[in-house]
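Chain naming here is simple, since letters A, B, ... match the order of the sequence lines and numbering starts at 1 in each.
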Amino acid sequence: MHGTLFVSGNSGLHRLHPLTKLALTFLFLVFAATLPNLLWLLAAFVILLVPMSAWGGLLRPFLRSCLVVITPFVISLSIIQGFFTPGETPLFHLAGFVLTGEGLLAGLTVASRILMALGGALLLMLSTRPDMLMLALTRSGLPGSLAYVVLTSIQIFPRFQERAQVILEAQQARGLEIKVNIFKRLRLLVPLMGPLVLSSIVDVEERAMALEARAFSRPGRKTSLLALADSPGQHLARWGLLLLMLALIGWSIWRAISS
Amino acid sequence: MNGFRKEFSTFSIALMAVAIAINIGAGQIPRAVGLPLYLDSIGTVLVGVLVGPWAGALTGFLANVVWTFTGLFPQAIAWAGVAAIIGALAGVFAQSGWLKEWWRAALAGLITGVVAAILSAPIAAYVFGGVTGNAGTDAIVAAWRAAGFDALFSNVAQGTMSDPLDKIVTYLIVWAVLLALPQRLKARFGNQSGQAAKTRARKRR
């Protein structure tokens, strides 16, 4: 689908029921929050997430997305935690501040927690069509109108980005100067934002009428053109994942109390 | 509960989807003209103002879910609660008539910005180790840490430097849009003046 991370494919990972993949994403989130240290977190990433992405034929896009997301965190966290966490192993002096080994380790640990959590979310989004995920959630009780809002905005936002660009170019063609001082730039927002927002709102009426013409607000169960494949094994696996998450959370609470 | 129901007509559902696309589309304009603002909640505030607090809150929440889906800013989901509160506040301000004069709209933006800064800071400080993954804001946080403040305070300080101005401009844009919006469309929502709501109530009788 245009404008999302989804990469189409026919692997086992792609064919898993969306809720099974969502449960895995939550499991990785729990891992990110509960695993005790950097070594465990990196091991979990390499042993679980990397092979799963390879299973889905998504190794390259997965690692690329992870790199794009995590690099700014690694840089910011190494600097901020590294310099401002007190410790006994100075590594580096800069203008009166000391980069400590303890601080660097703390920063990298937080970065690896973020990598674990966002890596799980990225894997879900790379391997699952948003409409399939929403269909699965709607089947388990999410209101259809919410699924509509999410899916429609995912579909139309690239066109809105284009529209913003077109308005910008059109106004410049009419002589709008954008290389001016900062206070004048604030005033530029009126000719740029105005047309974008107003033209979009006028669209809403057409959309609402199109929806009503298709009985959008009619109560009752709706059928879908998409088919979801589920299996008893996956149903069981989802309960198993839920129990595993609860056990991990219990374990980390127990650790926190006993220490 | 009645107010909640009333906010979710087909018309407002369609508006919510468009509003999220406005958030993403409008968010690139300040970057294009070189303004240090985000302006990525114009759609959320607009829904809050036009439809009401519940719809505004839901739009804010779903907008951050969509940001995550697009992969443009996957960590957005962690701030979905803050975005929901921004939308709800917009609805409450509009119901209190604050969107009628520009200066009160600006004040609403100021308050929203301070609230957003205070609520976002603990998420950055405790979930993301004191950073947001955005080079500009993280540099400001680093400057506050260098001045000797702790992670939470530094993130609040960073937020109060950028969020209030961002939300003041957002509210002023929404105020200007309301002026330009055809009366016919405004009447379909009627969260601000109570005028349209009264008309609707009369029709029902």
Side-chain angles (χ1 to χ4, degrees), chain A residues 3-5 65 69 72-73 75-77 79-81 83-84 97 106-107 110-111 113-114 118 121-122 125 130 145-146 148-150 152-154 156-157 159-161 163-165 168 178-179 182 185-186 188-190 192-194 196-198 200-205 207-208 211-212 216-217, chain B residues 8-11 13-26 28-30 32-36 39 42-43 46 50 58-59 62-63 65-66 68-71 74-75 77 127-135 138 141-142 145-146 151 154 169 173-174 176-177 180-182 185 188:
Chain A
T4 61
L5 287 171
S65 307
V69 171
F73 278 109
I75 296 170
S76 295
L77 282 165
I79 294 172
I80 290 185
Q81 299 258 11
F83 278 103
F84 304 115
F97 293 102
V110 176
R113 290 189 194 284
I114 297 171
L118 290 182
L122 288 172
M125 292 179 295
S145 50
L146 296 198
Y148 167 81
V149 172
V150 170
T152 306
S153 46
I154 287 174
I156 63 178
F157 89 85
R159 260 191 286 146
F160 278 61
Q161 287 183 314
R163 197 184 281 182
Q165 196 57 41
L168 189 67
I178 67 166
K179 295 205 168 41
I182 198 123
R185 275 189 215 165
L186 269 178
L188 286 179
L189 291 175
V190 177
L192 296 177
M193 291 291 188
L196 178 68
V197 178
L198 284 171
S200 323
I201 295 182
V202 174
D203 273 5
V204 172
E205 196 162 37
R207 280 183 183 282
L211 282 173
E212 273 311 314
F216 181 73
S217 57
Chain B
F8 295 97
S9 65
T10 304
F11 202 74
I13 295 286
L15 178 70
M16 285 164 67
V18 169
I20 294 172
I22 292 177
N23 279 352
I24 300 175
Q28 70 182 36
I29 287 182
V33 300
L35 274 171
L39 301 186
I42 291 180
L46 201 62
L50 286 174
L58 194 63
T59 307
L62 293 180
V65 172
V66 170
T68 299
F69 261 119
T70 59
Q75 58 266 44
I77 190 113
V127 180
F128 292 97
V131 304
T132 57
N134 176 317
D138 288 349
V141 172
R145 295 296 295 271
S154 301
V169 175
I173 290 170
V174 170
V177 165
L181 208 61
L185 279 178
R188 293 203 66 157

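The distance from atom CG of A:Leu192 to atom CD of B:Gln28, rounded to the nearest 0.5 Å, is 11.0 Å. Taking CG from B:Leu15 and OG from A:Ser200, the interatomic distance works out to 10.0 Å, rounded to the nearest 0.5 Å. Separation of atoms CD1 (A:Ile201) and CG (B:Leu185) is listed at 7.5 Å; rounding is to 0.5 Å. From B:Ile22, atom CD1 reaches atom CE of A:Met193 across 10.0 Å, with rounding to the nearest 0.5 Å. In this structure, CG in B:Asp138 is found 7.5 Å from CG in A:Leu77, a value given to the nearest 0.5 Å. A distance of 5.0 Å separates CZ of A:Phe157 from OG1 of B:Thr70, quoted to the nearest 0.5 Å.
Among all heavy-atom pairs drawn from B:Gly25 and A:Ala164, the shortest one is O-CB, 3.7 Å. The heavy-atom pair separating A:Ser153 from B:Ala21 by the smallest distance is CB-N, 4.3 Å. Nearest heavy-atom pair, B:Pro74 versus A:Leu122, reported as atom, atom and distance to 0.1 Å: CG-CD2, 4.3 Å. Between B:Phe128 and A:Val110 the shortest heavy-atom distance is C-CG1, 3.7 Å. Taking each heavy atom of B:Gly34 and A:Arg185 in turn, the nearest pair found is O-NH1, 2.5 Å.
Looking at A:Leu186, both its backbone and its side chain come within 4.5 Å of chain B, counting heavy atoms on both sides. Contacts between B:Ala146 and chain A at a heavy-atom distance below 4.5 Å involve backbone atoms as well as side-chain atoms. Residue B:Pro182: no heavy atom, backbone or side chain, is found under 4.5 Å from chain A. Contacts between B:Ala142 and chain A at a heavy-atom distance below 4.5 Å involve backbone atoms as well as side-chain atoms. At a 4.5 Å heavy-atom cutoff, the contact between A:Val149 and chain B is made by backbone and side-chain atoms alike. Only the side chain of B:Val169 comes within contact range of chain A, with heavy atoms under 4.5 Å apart. Proximity to chain B involves both the backbone and the side chain of A:Ile182, based on heavy atoms less than 4.5 angstrom apart. In this structure, chain B has a heavy atom under 4.5 Å from the side chain of A:Val69, while its backbone stays farther away. Using a 4.5 Å cut-off between heavy atoms, A:Ser145 touches chain B through backbone and side chain atoms alike. Interface residue A:Leu198: only side-chain heavy atoms are found under 4.5 Å from chain B. Interface remark: A:Phe84 contributes backbone and side-chain atoms alike to the contact with chain B (heavy atom separation under 4.5 Å).
Taking chain B as the reference chain and counting heavy-atom pairs below 4.5 Å, the highest number among A:Gln81, A:Glu205, A:Met125 is found for A:Glu205. Your options are B:Leu62, B:Thr59, B:Asn23, B:Ile42, and the one with the most heavy-atom pairs under 4.5 Å with chain A is B:Leu62. For chain B, the option among A:Val202, A:Ile178, A:Leu189 with the highest count of heavy-atom pairs below 4.5 Å is A:Leu189. For chain A, the option among B:Ala32, B:Ala176, B:Ala14 with the highest count of heavy-atom pairs below 4.5 Å is B:Ala14. Looking only at heavy-atom pairs under 4.5 Å with chain B, the residue among A:Pro72, A:Ala111, A:Ser76, A:Ser217 that has the most is A:Ser76. Between chain B and the options A:Thr152, A:Leu168, A:Leu146, the largest number of non-hydrogen pairs under 4.5 Å is found for A:Leu146. Contact tally against chain A (heavy-atom pairs below 4.5 Å) for B:Val66, B:Ile20, B:Leu35: the top residue is B:Leu35.
A donor-acceptor pair is defined here as one N or O able to donate and one able to accept, closer than 3.5 Å; no such pair exists between the side chain of A:Glu212 and the backbone of B:Thr10. B:Gln75 contributes no side-chain N or O that, together with a main-chain N or O of A:Leu118, makes up a donor-acceptor pair within less than 3.5 Å.
Residues passing the side-chain contact (heavy atoms from CB on, under 4.5 Å) test with B:Ile77, sequence neighbours excluded: B:Val65, B:Thr68.
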